[in-house]
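See structure below.
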Amino acid sequence: MKQIINDLIAQALLELEQAAQIPPDLGHNVQVTPSKEPGQGDYASNIALMLAKSAAMPPRELAQLIADRIAGADAIGRIEVAGPGFINFFLASDASQSVINRILQQGEDFGRSRMGQGSRIQVEFVSANPTGPLHVGHGRGAAYGATLANLLSFVGYDVQREYYVNDAGRQMHILGTSTWLRYLELCGEEIDFPSNGYQGDYVWDIAADLHRENAERFHRPAAQAFADVSADAPAGDKEKHIDDLIDNAHGLLGEDEYGIIFDHALNTLVEVIRTDLHAFGVDFDRWFSERSLNDEGLIETAVTRLQDNGYVYEQGGALWFRSTDFGDEKDRVVRRENGQTTYFASDIAYHMNKFDRGFDKVINVWGADHHGYIARVKASLTALGYTADDLEIHLVQFANLFEKGEKISMSTRSGEFVTLRQLREDVGRDAARFFYVMRKSEHHMDFDLDLAREQSSDNPVYYLQYAHARICSVQRQCSEKGIEASAGPLNLACLDNSHEKALVKHLSLLPERIESAARRREPHLVVNYLRELANHFHSWYNAHQFIVDDAELRDARLALAAAVGQVMRNGLNLLGVGAPEKM
RNA sequence: GCGCUCGUAGCUCAGUUGGAUAGAGUGUUGGCCUCCGAAGCCAAAGGUCGUGGGUUCGACUCCCGCCGAGCGCGCCA
């Protein structure tokens with residue numbers, strides 16, 4: 001519809017130009033937006049205001065010229081000039097009401113579009129270190145990424161969902177060693193658990209598994225594990241302390257046995273994460289291992305390519321990438337003095353690999369604490385010869401959890417955190433998914449646990465679900481009473497009260513609102529749309545009876561209600577929220 | 001100190017990329033079930049859009065300066 005009006009305006013401008021009523025070459029950046037007020041028609045354009053200056057003509061006069069050219073077109077019922085020079089379009093009522101038939105006919109496909117034209121887009125999200133179960137801090141990225149991927153897929157992109165598993169590096173060794181130490185305790189050894197180790201109960205679980213399957217195989221005296229280990233905090237350096245313990249674990253167990261423990265901890269946690277996410281309605285097409293980058297020599301390839309392109313130099317025994325050439329604040333080390341490549345080097349290789357896989361667009365969803373890495377990653381892509389703009393990074397701000405008005409503080413290392421699983425079991429999957437995406441993702445948000453938990457009208461997710469359940473209930477009433485829609489086409493023209501007109505118009509907006517949400521990467525726009533839809537529906541419901549004696553009117557109203565239900569389902573489905581038939 | 005993200009009703013937040021009288025929810029106050037689900041509807045009240053300039057027909061939106069909040073500034077991952 002928007003496009004039709006767009007074309008009408010462009011055509012009018014062309015005609016005016018040819019009639020020499022306006023100067024040529026004004027540029028036709030036509031903007032048409034849905035009107036907010038019913039008194040301002042269905043759609044409005046500010047074109048006259050935009051062009052008034054270059055046309056050297058008062059905006060209202062120009063608007064009138066354009067309006068006169070368009071008046072009488074099909075689909076347009078009425079057209080008028082208003083305010084400082086807006087052109088308001090009132091659609092012919094049959095044109096707007098036809099959306100009901102379209103929705104019922106297209107069903108779950110209503111709102112789909114071909115905007116993406118099948119181009120390949122990758123969304124990488126969550127990617128939390130597998131050093132513990134996911135906590136509520138990861139939930140927002142999971143919900144945002146999953147919803148964004150759903151949206152992009154719905155508007156015609158070929159979407160791949162990926163999780164980057166950080167299965168290399170020091171944090172993983174800390175986890176492996178933490179597991180081993182707990183195992184030793186299960187073997188009867190008495191130890192002082194390192195302050196910098198992972199202290200959560202899940203480490204005990206993994207150690208217990210290990211002990212069940214391997215008995216005493218990895219048992220070494222605690223005295224040996226702690227031999228020559230420097231002091232722990234507060235007296236000593238907790239980082240040095242844990243590093244010494246890791247070295248001892250390697251030495252005492254040998255690479256093979258150490259590897260068994262390490263892999264067991266890693267695999268268990270990846271599986272825990274995968275299961276939790278699945279229960280949260282979030283699934284991935286690929287789990288990409290950081291270690292595989294090294295195994296396949298991709299890190300070397302990336303560093304060599306940077307070197308060949310002349311962006312690498314040596315200093316202090318380390319290899320540096322000159323990212324400052326591309327706007328980064330400082331240069332970055334890719335290979336340390338000790339010969340090991342850095343995490344950043346892995347990241348370069350990973351992104352190189354993403355583009356080599358042929359994606360047209362790559363989207364990363366990161367926690368806001370990673371914003372400092374954007375410049376260097378983009379710099380590396382430019383240096384490798386890729387188009388850095390094809391990498392989009394979206395930051396998701398943290399959600400502060402509130403309970404009884406108090407902020408809940410958390411720390412992964414100490415094991416004091418609310419897990420995503422606990423949240424889901426507490427407030428339910430629907431409320432959790434909904435709460436995470438109802439705010440703009442780049443804004444800080446407060447997650448009110450009491451509110452999410454509440455099974456009452458205060459909880460916004462029920463407002464939408466209730467609208468859907470109400471519609472289903474009406475449909476149940478009909479079948480119980482043996483009411484069936486009469487054969488033949490619907491007479492939608494009898495849907496003529498203000499509630500019905502507003503509702504019909506809102507339904508017709510879904511496709512463009514979905515496209516807008518996808519284009520802007522802002523799933524919360526879908527939430528806003530559905531909330532408005534529910535509002536229009538509830539108002540209508542309260543003002544009018546659907547099941548009336550007049551069969552023609554009843555059929556039309558039931559069709560409208562069914563269309564609302566369909567759109568609500570489609571929208572909630574994108575959000576990963578259920579649309580219950582009863583509550 | 002430098003950089004990033006922000007600042008809108010008492011509280012939590014929208015505001016369709018510069019448009020018409022800045023909107024919801026919640027909270028407060030008052031009304032609506034003899035009727036398809038009251039987890040709903042209707043109404044009242046609540047604002048110097050942090051602040052001071054600038055850009056223009058028009059600024060919550062764009063630019064600059066201040067004030068305030070969160071985060072980031074490792075040869076950690």
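So you know, we letter chains A, B, ... as the sequences are listed, proteins then strands, and number each from 1.
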Quiz item: Whole-Å distance between C57(B) P and Ile47(A) CD1?
Solution: 16 Å

Quiz item: When you check the phosphate oxygens OP1 and OP2 of C36(B), does a side-chain N or O of Arg557(A) lie under 4.0 Å from one of them?
Solution: no

Quiz item: Can you name the ring pair (Phe, Tyr, Trp, His ring centres under 6.0 Å) partners of Tyr164(A), sequence neighbours left out?
Solution: Tyr350(A)

Practice problem: With heavy atoms under 4.0 Å as the rule, sort Ala469(A) into base, sugar-phosphate or nothing. | Solution: base

Exercise. In sequence, state the C-alpha distance, the side-chain angles, and the governing distance for Leu175(A) and Leu269(A), and then conclude on side-chain contact (heavy atoms from CB on, under 4.5 Å).
Key: CA-CA 10 Å; Leu175(A) 175 74; Leu269(A) 284 172; 3.5 Å; yes

Quiz item: Think His444(A) has a side-chain N or O under 4.0 angstrom from the OP1 or OP2 of G7(B)?
Solution: no

Quiz item: Given C76(B), is OP1 or OP2 found less than 4.0 Å from the side-chain N or O atoms of Lys238(A)?
Solution: no

Practice problem: Please list, chain by chain and in numerical order, all residues satisfying side chain to side chain donor-acceptor pair (under 3.5 Å) with Thr341(A), sequence neighbours excluded. | Solution: none

Practice problem: Go through the N and O atoms of the side chain of Tyr541(A) and the base of A38(B), and report whether any donor-acceptor pair is under 3.5 Å. | Solution: no

Exercise. Taking only the side-chain heavy atoms of Asp369(A) (C-beta and beyond), determine which of A77(B), A39(B), C71(B) contains the nearest atom.
Key: C71(B)

Quiz item: If you measure from the P atom in G25(B) to the same atom in A44(B), how many Å do you get, rounded?
Solution: 13 Å

Quiz item: If pairs are Watson-Crick or G-U with both distances under 3.5 Å, what is the dot-bracket string of RNA chain B, marking crossing pairs with [ ] and pairs to another strand with |?
Solution: (((((((..((((.....[...)))).(((((.......))))).....(((((..]....))))))))))))....

Quiz item: Looking at Arg554(A) and Asp549(A), does any basic side-chain N land under 4.0 Å from a carboxylate oxygen?
Solution: no

Quiz item: Is any side-chain N or O of Tyr463(A) under 3.5 Å from a base N or O of C41(B), one able to act as donor and the other as acceptor?
Solution: no

Quiz item: How does each nucleotide of nucleotides 17-24 of chain B score, in 5' to 3' order, for protein heavy atoms under 4.0 Å: base (B), sugar-phosphate only (S), or none (-)?
Solution: B-BB----

Exercise. Would you please confirm or rule out a distance under 4.0 Å between OP1 or OP2 of C4(B) and any side-chain N or O of Gln397(A)?
Key: no

Quiz item: Syn or anti: how is C33(B) classified when any glycosidic angle within 90° of 0 counts as syn?
Solution: syn

Self-check item: Residue Thr342(A), side-chain heavy atoms: nucleotide from A77(B), C41(B), C36(B) that is nearest
Solution: A77(B)

Practice problem: With sequence neighbours left out, write down each residue that passes salt bridge (Lys or Arg N to Asp or Glu O under 4.0 Å) with Asp232(A), or none if nothing qualifies. | Solution: none

Exercise. List in chain and number order the residues that pass side chain to side chain donor-acceptor pair (under 3.5 Å) with Thr324(A), two or more places apart in sequence or in another chain; answer none if no residue qualifies.
Key: Asp331(A)

Quiz item: With no angle test and no hydrogens, is the base of G3(B) tied to the side chain of His371(A) by a donor-acceptor pair under 3.5 Å?
Solution: yes

